[in-house]
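Here the structure is laid out as structure tokens; the discussion comes afterwards.
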Amino acid sequence: MNAVVGIDIGSSAIKAMLLGVEERNTLAIESQPLRSRIEGTPPGHFEENPRILREQFFEIVRLLSAASKKRNVCIEGIGFTGQMHGGLLVDSALEPVTHCITWQDKRGDEISESGKSYVEELEAFAAFDATGVGIKTGFLVTSLSWLNRKNAIARKAVHLLGMYDWLMSVCLGRAMTDLSSAAAWGIFDPSLRSWKWELLRAAGISESFLPEVAEPGAFLGTIDPAVAQQCDLDTNVRIHASIGDTQAAYLGSECASDEVLVNFGTGSQSLWETARHTATQGTDIRYLRERRFLACAPTLAGGEAYLLTAKFFQEIVRECSGVELSRGETLRMMDRLAEKGEAQGLRIDPIFQGSKFRDVADRASISGIGASNFHPSNVVCALIEGMAEEIAWPFFARQEARAFHGLRGGGSALRKNRALQDAVERRFGLPLHMGRFDEEAAAGAAMLALTPSV
């Protein structure tokens, strides 16, 4: 039996899946909290220690290697995904010369000597970005611009790479990235398949820093022998080009081209395949494969909105009765209320933490309150309907709805909430089928490695 490995370097954990080649079934899963977060950094700085991250990567691959040997399984290849946008600088031997600066980093919001923030200075060079991704603080281009202005780029720096691209490059022995990842740094146009040269010059990024760019999932070569030894793998294991975690989750959900992926984790998003690489209201465009793109409606109104409402109910119970309900008890209570109730005209706009596509000051609201619908069950049902609406309206705004015939569901918040599943089906008017894999991104990364070595 043969298998492939999918690696997902997330914001809080590293996850790895051993996927059977013939039946595409899960043979083993490993998950560990990241131990690489650097504490004590200045406010707004979010960094990971790349050397600790690399050791943890080796460790988790060794665990899958041991699992494969117990099952008499041969590992053929490895695919990579993870948290996008951030990255690091490395030397000619791919050794880090900076920490990994993650997408959560806020130093780009600092005000420069021009009176504008660093990210505002760069936004002028991305004003005509058809994909709608734009430039944000936490993007690698913004972080490197900040380092450059602070004269903090080491002389030994040779390449810029994303976190998971770097691990892929370490396995390969040369600096590589993929189209989706380079686009997420803010300095690569996936529709033109070229670097944004004017933006690079504005950020002070040397052309020599740029790695080679491959199609996601492309076969790049076999694993470096020294790394194979560290990971307890054979030296003929294939290394495949990486992909962003959004796209990996789409692949891992096994979403068909005529289905929409609806995903609810901490945030939420709807994703669907398109040949159009121009964003519309409420969406941005992300590269998928072979000149195909994903329209993405990313929101902050996912499971976190449900948890914030649960916290509200917990506080009411505590203040009125002195009883301390656990979060689990409160969530189960909300699920029961949702399954037996209706919104009855109550409406909740669940953008408690704002929206990527609305005014920066917009926040959640509740409306349609009447004498007959102001009850806990109505509130929970209205919240759920609002969560479904937040990922639905951008889809219908693109006028592509007639091309799609089903929904594919993913994310822990959706898997655990039957009422949310029903609300999504009603709003989209399409049948919902949940994906097979709980760890969709790791599964999608593994599927990249199913590509033959040609």
Side-chain angles (χ1 to χ4, degrees), residues 9 11 14 34 36-38 40-42 44-57 80-110 112 118-119 121-122 125 135-188 195-197 199-214 220 224 227 241-242 244:
I9 311 296
S11 299
I14 176 171
L34 286 181
S36 53
R37 174 58 58 86
I38 297 173
T41 56
H45 290 212
F46 287 81
E47 299 182 356
E48 305 281 345
N49 185 319
R51 290 178 173 83
I52 294 176
L53 179 65
R54 179 173 55 193
E55 289 305 313
Q56 197 166 3
F57 164 69
F80 298 80
T81 190
Q83 52 173 297
M84 296 188 289
H85 307 303
L88 74 163
L89 290 169
V90 300
D91 65 17
S92 59
L94 302 177
E95 284 297 312
V97 297
T98 67
H99 291 148
C100 296
I101 304 175
T102 77
W103 63 273
Q104 298 162 302
D105 196 87
K106 301 299 182 185
R107 71 190 73 184
D109 290 332
E110 294 178 13
S112 74
Y118 291 94
V119 72
E121 290 179 341
L122 295 177
F125 298 92
I135 302 292
K136 297 179 177 63
T137 188
F139 280 20
L140 187 54
V141 61
T142 310
S143 300
L144 291 183
S145 178
W146 185 94
L147 289 174
N148 183 56
R149 298 279 284 278
K150 301 292 183 180
N151 294 314
I153 295 180
R155 291 183 179 180
K156 291 183 178 180
V158 173
H159 295 295
L160 59 88
L161 290 166
M163 287 175 63
Y164 57 91
D165 297 312
W166 171 59
L167 293 174
M168 175 192 71
S169 299
V170 166
C171 289
L172 189 64
R174 68 181 191 275
M176 291 288 303
T177 187
D178 74 277
L179 274 75
S180 69
S181 303
W185 302 336
I187 51 178
F188 189 85
W195 297 100
K196 299 178 180 178
W197 299 111
L199 178 59
L200 285 163
R201 287 190 290 271
I205 299 173
S206 170
E207 180 179 343
S208 65
F209 282 5
L210 304 177
E212 186 179 345
V213 182
L220 302 177
D224 180 88
V227 175
S242 52

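Each residue takes its place number in the sequence, starting with 1. The figures that follow rest on heavy atoms only: side chains count, while hydrogens, waters and symmetry mates do not.
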### Message
Under a 3.5 Å cutoff, is there a donor and acceptor pairing between the side chains of Q104 and S11?
### Response
no
### Query
Are T137 and R107 close enough that some pair of their side-chain heavy atoms sits under 4.5 Å apart?
no
### Task
Measure the shortest side-chain to side-chain distance between K196 and V141 over non-hydrogen atoms and say whether it is less than 4.5 angstrom.
no
### Query
Is the F139 to W185 ring centre distance short of 6.0 Å?
no
### Message
Quick one, V158 and V90 - any side-chain contact, counting heavy atoms below 4.5 Å?
### Response
no
### Summary
Scanning both residues in full, the closest heavy-atom pair of C171 with V227 reads SG-CG1, 3.9 Å
### Message
Counting C-beta onward and ignoring hydrogens, is there a side-chain heavy-atom pair between L122 and L199 closer than 4.5 Å?
### Response
yes
### Task
Locate the shortest heavy-atom distance separating R51 from N49; write the atom from each residue and the value.
N-OD1, 3.0 Å
#### Entry: For W195 against P211, the heavy-atom pair lying closest together
CZ2-O, 3.7 Å
#### Entry: Taking every non-hydrogen atom, the tightest pair across Y164 and G244
OH-CA, 3.4 Å
### Query
Side-chain contact, heavy-atom cut-off 4.5 Å: I135 with T142?
yes
### Task
Compare all side-chain heavy atoms of H99 with those of P50 and state whether any distance is below 4.5 angstrom.
yes
### Query
So do M168 and L220 actually touch side chain to side chain, heavy atoms under 4.5 Å?
yes
### Message
Could you report the tightest heavy-atom contact between W166 and P96, atom names first, then the distance?
### Response
CZ2-CG, 3.6 Å
### Query
What's the shortest heavy-atom distance between L161 and L140, and which atoms?
O-CD2, 4.1 Å
#### Entry: Pairwise distance CZ(R37) to OG1(T102) - rounded to 0.5 angstrom
5.5 Å
### Query
Do any N or O atoms from the side chain of T177 and from the backbone of V213 form a donor-acceptor pair under 3.5 angstrom?
no
### Flag side-chain contact, heavy atom, 4.5 Å: I9 against T81
no
